[in-house]
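Just so we're on the same page: letters track the sequence lines, and every chain starts at 1. All figures in this text were calculated on a predicted structure; none of them were measured in a lab.
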There are 2 protein chains.
Amino acid sequence: MGKDRDIIEHCSSTVVHEDIVEQVRKKMPEDECLFDLAELFKVFGDTTRVKILFALFTAEMCVCDLTALLGLTQSAVSHQLRVLKQARLVKYRKEGKMVYYSLDDDHVKQIFDQGLAHISH
Amino acid sequence: MGKDRDIIEHCSSTVVHEDIVEQVRKKMPEDECLFDLAELFKVFGDTTRVKILFALFTAEMCVCDLTALLGLTQSAVSHQLRVLKQARLVKYRKEGKMVYYSLDDDHVKQIFDQGLAHISH
DNA sequence: CGAACATATGAACATATGTTCATATGTTTG
DNA sequence: CAAACATATGAACATATGTTCATATGTTCG
């Protein structure tokens, strides 16, 4: 244990402002919370999924129409809808062979608006 | 051209609700805008970057302290700070050999709050 | 029931991403 | 100037991600 002291401590191990680091650490949310937040934004971090969500802002849509709208494979659309569903961002309704997807969240719109606000400087 | 009509059109090429697709298409933002939005959220879609931003909510910090806080390599932290800088989310201030980073955006906090609101059901 | 169709899912593949290691840059101080 | 140090950057690597192809599932209708 004592031997460790002999090691010259560089930036990677030295805290320059211990007080600030402590203060910051206390205010940090739980690791799990931060992880979940990053996971949520990861879902928003893909053009296809963003397009799907924007589309659903306007209207409920079936997979078929989304496929036509996006110009992708039906498979790709289904895969992405699954991701959105797992994130509890969209819900679906079956009507015969068709499946209609719609928004299942109140926050997305506001999050997107804030994001757009950032983009436009 | 006439020959195309003979092709049996499956879901991938048929629009079931032409009117809705048209209506949705009209309301969709420019592709570039959607791309930029996804790019922004991609930046939020990583735990390390989320942690950095949360840290900077509390206080301006130097790379050294961030490195200690995050338990990562100094290199990793610098790389991620560069990403945040490129997205105009953080700004920096040099003081001797130290570089202090701080938030450079008003929207992040609100975006994160909305995100957290979604997570907690 | 069997054909047609809308959707879902698994495997495969190419690309993107985050981390570390090694090293460069730039500043301070003896 | 040289050593010490804080930060930045490039290369390399392992892993994650999004798409397509092939196929499965489930529904409608003759």
Side-chain angles (χ1 to χ4, degrees), chain A residues 7-17 21 34-35 38-52 60-87 90-102, chain B residues 7-17 21 34-35 38-52 60-87 90-102:
Chain A
I7 295 169
I8 297 164
E9 298 192 25
H10 293 265
C11 162
S12 49
S13 53
T14 301
V15 179
V16 178
H17 309 86
V21 173
L34 296 168
F35 180 82
E39 285 302 299
L40 176 65
F41 288 129
K42 211 172 281 182
V43 175
F44 295 144
D46 173 77
T47 312
T48 299
R49 288 190 293 265
V50 167
K51 281 182 185 172
I52 293 176
E60 173 190 70
M61 287 182 90
C62 69
V63 179
C64 204
D65 289 346
L66 280 169
T67 299
L69 177 72
L70 299 173
L72 284 179
T73 308
Q74 172 266 318
S75 174
V77 176
S78 267
H79 278 302
Q80 299 298 16
L81 283 169
R82 195 160 74 92
V83 173
L84 292 169
K85 200 166 42 180
Q86 282 172 342
V90 303
K91 58 177 186 278
Y92 64 98
R93 170 176 77 82
K94 290 191 181 177
E95 196 177 309
K97 9 174 200 180
M98 319 277 277
V99 179
Y100 291 90
Y101 281 85
S102 58
Chain B
I7 296 168
I8 297 164
E9 298 191 26
H10 292 264
C11 162
S12 50
S13 54
T14 302
V15 180
V16 179
H17 310 87
V21 173
L34 296 168
F35 180 83
E39 286 302 299
L40 175 65
F41 289 128
K42 213 171 281 182
V43 174
F44 295 145
D46 174 76
T47 312
T48 299
R49 289 191 292 265
V50 167
K51 281 181 185 171
I52 292 176
E60 173 190 70
M61 288 181 89
C62 69
V63 179
C64 205
D65 289 347
L66 279 170
T67 299
L69 177 72
L70 300 174
L72 284 179
T73 308
Q74 172 266 319
S75 174
V77 176
S78 268
H79 279 302
Q80 298 298 14
L81 283 169
R82 194 159 75 91
V83 174
L84 292 170
K85 199 165 45 182
Q86 283 173 340
V90 302
K91 57 178 188 278
Y92 64 97
R93 171 176 76 81
K94 289 191 182 178
E95 197 177 308
K97 13 175 198 180
M98 318 276 277
V99 179
Y100 291 90
Y101 282 85
S102 58

Could you check how far [atom1] of [X] sits from [atom2] of [N], rounded to whole Å?
X       : N      : atom1 : atom2 : value
B:Asp46 : D:dA16 : CG    : P     : 13 Å
A:Asp65 : C:dC5  : CG    : P     : 16 Å
B:Met98 : C:dT29 : CE    : P     : 12 Å
B:Phe41 : C:dA16 : CZ    : P     : 22 Å
B:Met61 : D:dT7  : CE    : C1'   : 15 Å
B:Tyr92 : D:dA6  : OH    : P     : 19 Å
A:Lys97 : C:dC5  : NZ    : C1'   : 4 Å
A:Leu81 : C:dT7  : CG    : C1'   : 10 Å

Would you indicate what [X] reaches in the nucleic acid, counting non-hydrogen atoms under 4.0 angstrom: base, sugar-phosphate, or nothing?
X        : answer
A:Tyr100 : nothing
B:Lys94  : nothing
B:Tyr101 : sugar-phosphate

[X] side chain near [N] phosphate (N/O to OP1/OP2, under 4.0 Å):
X       : N      : result
A:Arg49 : D:dG18 : yes
A:Arg82 : C:dT7  : no
B:Ser78 : D:dT7  : no

Q | Donor-acceptor pair (no angle test) under 3.5 Å: B:Gln74 side chain, D:dA6 base | A |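 Side chain to base: no pair below 3.5 Å.
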(Q) Once hydrogens and angles are ignored, does a donor-acceptor distance under 3.5 Å link the base of D:dT9 to the side chain of B:Ser75? (A)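 Side chain to base: pair found, below 3.5 Å.
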Do [X] and [Y] have side chains that get closer than 4.5 Å, going by heavy atoms?
X       : Y       : value
A:Val77 : A:Gln80 : no
B:His17 : A:Met98 : yes
B:Asp46 : B:Val83 : no

Options [options], nucleotide nearest the side-chain atoms of [X]:
X       : options               : value
A:His79 : C:dT9, D:dT9, C:dT7   : C:dT9
A:Lys85 : C:dT20, D:dA8, C:dA8  : C:dA8
A:Gln80 : D:dT7, D:dT19, C:dA8  : D:dT19
A:Cys64 : C:dT20, D:dG18, C:dT7 : C:dT7

Q: Name the orientation class of the two ring planes belonging to B:Phe41 and A:Phe41 (parallel below 30°, tilted from 30 to 60°, perpendicular beyond 60°).
A: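 The arrangement is parallel - the two ring planes meet at less than 30°.
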**Q.** Under 3.5 Å on both distances, the Watson-Crick or G-U partner of C:dA22
**A.**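 Check on C:dA22: paired to D:dT9, both distances under 3.5 Å.
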(Q) Using every non-hydrogen atom in the two residues, find where A:Lys42 and B:Gly45 come nearest and quote the distance to one decimal. (A)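 Of all heavy-atom pairs spanning A:Lys42 and B:Gly45, the closest is CE-O, 2.9 Å.
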Q: Please tell me which of A:Gly96 and A:Val77 maps to the more 5' nucleotide of DNA chain D, matching each residue to the nucleotide holding its nearest heavy atom.
A: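 Checking each residue's closest nucleotide, the 5'-ward one belongs to A:Val77.
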**Q.** Earlier contact from the 5' end, DNA chain D, for A:Gly71 and A:Glu95
**A.**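 By nearest-heavy-atom nucleotide position, the 5'-most residue is A:Gly71.
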Q. Where the side chain of B:Arg49 meets the backbone of A:Ala38, is there a donor-acceptor pair that is under 3.5 Å apart?
A.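 No, B:Arg49 side chain to A:Ala38 backbone: no donor-acceptor pair under 3.5 Å.
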